[in-house]
Peer 1: 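One structure follows; several queries about it will come next.
Note on naming: letters A, B, ... go to the chains in the order of the sequence lines (proteins, then strands), and numbering restarts at 1 for each one. Keep in mind it's a predicted model, so treat the numbers as computed, not measured.
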There are 2 protein chains.
Amino acid sequence: MVTFDRRWLPLNALRAFDAVGRHLSFTAAAHALGVSQSAVSRHVIGLEELLGHALFERRPQSLVLTKAGGALLPTVRGSFDRIEHALNDVVRDGGGLRTLRLQLPPSFAQKLALPILQAFRKDFPDIFIDFSSLGITGAPRTETDVAVIYDRPRTGEAVSDLLWMSRVTPGCSPALAAAHQGKTLERFIADNELLHVKLEGEPPGIIWQAFSRHFGLGVRTSRGLAFDTAALAAQYAASGEGVALLDRDLFATDIAAGTLVTPFAETFEDGYGYFLHLSADDLADPVIAVFRGWMIRNFARGVPS
Amino acid sequence: MVTFDRRWLPLNALRAFDAVGRHLSFTAAAHALGVSQSAVSRHVIGLEELLGHALFERRPQSLVLTKAGGALLPTVRGSFDRIEHALNDVVRDGGGLRTLRLQLPPSFAQKLALPILQAFRKDFPDIFIDFSSLGITGAPRTETDVAVIYDRPRTGEAVSDLLWMSRVTPGCSPALAAAHQGKTLERFIADNELLHVKLEGEPPGIIWQAFSRHFGLGVRTSRGLAFDTAALAAQYAASGEGVALLDRDLFATDIAAGTLVTPFAETFEDGYGYFLHLSADDLADPVIAVFRGWMIRNFARGVPS
DNA sequence: CGCGATAATGCCTTATCGGCATGAGCCGAT
DNA sequence: ATCGGCTCATGCCGATAAGGCATTATCGCG
């Protein structure tokens, strides 16, 4: 029995096999490869002898893959596809700056884009990040490689990696907190304007409602103002005009800087989180895989700032 | 400028490039490939001319990849790795039965393993599933391709695909439900034994506690019995000895059969879910990718039965 | 039954691949 | 400085595998 290693990969034969598997015809494959039918025939036969298994079942009218052929073909085809693309990429731009298109939700972009992009560029100066913002929820809109989305865990064939689960707590300006010093959480909320963040497909106020229900607060939550993004709500809260439910990690810098305060210990996991979202096929692209790994590792050490 | 297609993939040159990239030395690469240094040198030079970009920077003492080389190498190496493995797989067993090792949590295995395995085997008769349960006592099998785990959404480099989020509701035997006919949810829970499922890293009773808090029930939840698996708790509940929080999807067949009833409309999403868990690298294996896609598509149409 | 498909095969040509020997830089030790 | 040892590049040549052409075998179809 032969075992294969790098020194002896029957590459030309594999290319012939790939073409035949694609066209399911020796003649057509030969034509596609620009060689004669006999050459292709030889290659495939040689490969079959090497493997000790037939790759195609020759039928009078048609050619069909054997189990062995079926097992081999997807790998071979995928590999050649990737090599082909990689070669053309290099020819085109010398592999100089691979650009990775990234979409971020607005609040995330506003708070974290800079530290992330700077840190990533430091580690991978040759990967150019073309980044754009998108709506707060939902799937990425345009052609993009990787997107961060704010969503609940969802099913789907796309690869979806959790960066962190959102954990919210009431936040407001220091002045407002001081003015209501000593009040209970329930009283504090009842006495102040509530700032909501709109979420696609959810009724407004749902997060405040879930929050108050979770902590058993008897307050009416369907009042106040609603904003498109968390960052806007936070900004409004910082001006002293109300209290918003803030993601502690997302607004860590504001809290540290003192422009926002979180007077209560109660934090609530609302089932939403920030996910890195990309197509399963794209994971085969080393640049995208590298970026994914880098993001996951970085956020595992806590949300950057 | 040349553009590459299948007909002119310089495969032998790429193999040489891969080896040189691995060893960062023409001589060492030549030795590893079992050919002379000159052959390797020619190949790399030829490839560089084809691409119009240098792949290595020749320095007196050392060889370093150029940007173009760095962009190309991971793809080429990964592709050859996969081809090498695929070829050896075929040699070994003719690609006949690719076996995929699958691990399932006990309750999941008990309720869903059969329908899933049967349906999958019908669609892919050539993939043999070697499935094992994450037994309570069973030694954790590290050698596995894909696992279903019951967990909260977590961060990590492994690819984690949500199958469905757990949604629980009180369930008990029909007799017990009849005996307490007409009671409110609060009363019903207060008057019956509570059956818990133990979760690693969580205090016992946490789900009942979250459930009652979510619906504003004033009942004590830290009482009753705790079980290792949801299936055990459900079985106990079916015997009429208490009320358990059941995942509606997981126990759909029991509910349909009437051995368990869920007398209340209140369902609660507890933040846990069933995830398909696999290594990011493994996604390059067509068999594993196929299984992943199949599972995701199937569960998207609802939990099988 | 012959015609038109297909893939397999024998024979021959070719050019790709690779080996050997050598050359050209560069480094460090004597 | 010079020489030996190391690296990769190159000229030349031979082996061989890759491929072309023409033919054969097999099957389906009109």
Side-chain angles (χ1 to χ4, degrees), chain A residues 2 4-66 68-69 73 76 80 87, chain B residues 2 4-66 68-69 73 76 80 87:
Chain A
V2 192
F4 293 93
D5 61 7
R6 279 285 192 302
R7 21 200 312 186
W8 222 77
L9 288 184
L11 294 168
N12 296 309
L14 285 168
R15 175 176 45 194
F17 166 63
D18 169 55
V20 175
R22 183 172 306 255
H23 298 93
L24 289 178
S25 151
F26 282 63
T27 318
H31 194 256
L33 289 174
V35 300
S36 69
Q37 173 265 325
S38 72
V40 173
S41 174
R42 282 174 209 292
H43 267 146
V44 172
I45 290 173
L47 187 58
E48 290 176 323
E49 282 171 359
L50 268 172
L51 293 172
H53 295 272
L55 294 170
F56 298 99
E57 206 176 309
R58 276 78 162 175
R59 295 189 181 164
Q61 253 1 32
S62 64
L63 217 57
V64 13
L65 282 161
T66 62
L73 185 60
V76 172
F80 282 168
L87 285 174
Chain B
V2 192
F4 292 93
D5 60 7
R6 282 290 196 293
R7 329 164 43 153
W8 316 113
L9 284 186
L11 293 169
N12 296 308
L14 285 169
R15 174 178 43 195
F17 167 62
D18 169 54
V20 175
R22 185 174 305 258
H23 298 95
L24 289 179
S25 150
F26 282 60
T27 320
H31 194 256
L33 290 174
V35 300
S36 70
Q37 173 266 326
S38 73
V40 174
S41 172
R42 281 172 208 292
H43 268 147
V44 172
I45 291 173
L47 187 58
E48 290 175 324
E49 282 172 359
L50 268 173
L51 293 171
H53 295 272
L55 295 171
F56 297 99
E57 208 176 308
R58 277 77 162 176
R59 297 193 179 155
Q61 255 359 32
S62 63
L63 216 57
V64 340
L65 281 161
T66 62
L73 185 60
V76 172
F80 282 168
L87 285 174

Peer 1: Hey, does the side chain of S41(B) come within less than 4.0 Å of dA9(D)'s phosphate (OP1/OP2), counting only N and O?
Peer 2: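 Yes, within the criterion.
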Peer 1: Between dA18(D) atom P and L11(A) atom CG, what is the distance in whole Å?
Peer 2: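 Rounding to the nearest Å, CG of L11(A) and P of dA18(D) are 10 Å apart.
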Peer 1: When the distance from CD of Q37(B) to C1' of dG11(D) is rounded to whole Å, what number comes out?
Peer 2: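 So the two atoms are 14 Å apart, to the nearest Å.
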Peer 1: Round to the nearest Å and state the distance from R42(B) atom CZ to dG11(D) atom C1'.
Peer 2: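 It works out to 8 Å between those atoms.
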Peer 1: May I ask you to say what S25(B) touches in the nucleic acid, namely base, sugar-phosphate or nothing, with a heavy-atom cut-off under 4.0 Å?
Peer 2: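 Counting heavy atoms under 4.0 Å across all strands, the contact made by S25(B) is with sugar-phosphate only.
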Peer 1: Would you list the atom pairs, donor with acceptor, under 3.5 Å between side chains in residues 39-50 of chain A and any protein atom, with sequence neighbours excluded?
Peer 2:
unit_1, atom_1, unit_2, atom_2, d
E48(A), OE1, R58(A), NH1, 3.2
E48(A), OE1, R58(A), NH2, 3.1
E48(A), OE2, L55(A), N, 2.7
E48(A), OE2, F56(A), N, 3.3
E48(A), OE2, R58(A), NH1, 2.8

Peer 1: How close or far is atom P of dA17(D) from atom CG of L50(A), stated in whole angstroms?
Peer 2: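 In whole Å, dA17(D) P and L50(A) CG are 12 Å from each other.
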Peer 1: Return the minimal non-hydrogen interatomic distance between D18(B) and L73(B), and the atom names on each side.
Peer 2: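 Smallest interatomic distance, heavy atoms only, reads CA-CD1, 4.0 Å.
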Peer 1: Between dA7(C), dG20(D), dG18(C), which nucleotide has the shortest distance from any of its atoms to the side chain of L63(A)?
Peer 2: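 Given the options dA7(C), dG20(D), dG18(C), the side chain of L63(A) is closest to dA7(C).
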Peer 1: Answer yes or no: side-chain N or O of S38(B) and base N or O of dG19(C) forming a donor-acceptor pair under 3.5 Å.
Peer 2: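 For S38(B), whose side chain was compared with the base of dG19(C), there is a donor-acceptor pair (under 3.5 Å).
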Peer 1: Closest nucleotide of DNA chain C for R58(A) versus for H43(B): which of these residues is on the 5' side?
Peer 2: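 It is R58(A) whose nearest nucleotide is closer to the 5' end.
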Peer 1: Rounded off to whole Å, could you give me the CH2-to-C1' distance for the W8(B) and dT16(C) pair?
Peer 2: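 From W8(B) CH2 to dT16(C) C1': 13 Å.
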Peer 1: Between dG19(D), dC8(D), dG18(C), which nucleotide has the shortest distance from any of its atoms to the side chain of R15(B)?
Peer 2: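 Closest nucleotide to the R15(B) side chain: dG18(C).
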Peer 1: Can you name the nearest heavy-atom pair linking A68(B) to A54(B), along with the distance?
Peer 2: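 Closest approach of A68(B) to A54(B): CB-O, 3.8 Å.
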Peer 1: So, is T27(B) close to the dC8(D) phosphate, meaning a side-chain N or O under 4.0 Å from OP1 or OP2?
Peer 2: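 For T27(B), the contact criterion (side-chain N or O under 4.0 Å from OP1 or OP2 of dC8(D)) is met.
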Peer 1: Can you check the R59(B) CZ to dC26(C) P distance for me, whole Å?
Peer 2: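 Distance, rounded to whole Å: 14 Å.
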Peer 1: Round to a whole Å and report the spacing from CG of N12(A) to C1' of dG19(D).
Peer 2: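 Atom-to-atom, N12(A) to dG19(D), this comes out as 11 Å.
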Peer 1: Is it the case that more than 12 heavy atoms not belonging to H31(B) sit under 6.0 Å from its NE2 atom?
Peer 2: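 Check fails, neighbour count at 12 or below.
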Peer 1: Looking at every non-hydrogen atom in both residues, tell me the closest pair between T66(B) and E57(B) and how far apart they are.
Peer 2: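 For T66(B) and E57(B), the tightest heavy-atom pair comes out as CG2-N, 3.8 Å.
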Peer 1: Please report, rounded to the nearest Å, how far the P atom of dT6(C) is from the CG atom of L24(A).
Peer 2: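 Those two atoms, CG and P, are 13 Å apart.
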Peer 1: Within the 4.0 Å heavy-atom criterion, would you say G34(B) contacts the bases, only the backbone, or no part of the nucleic acid?
Peer 2: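 It contacts sugar-phosphate atoms only.
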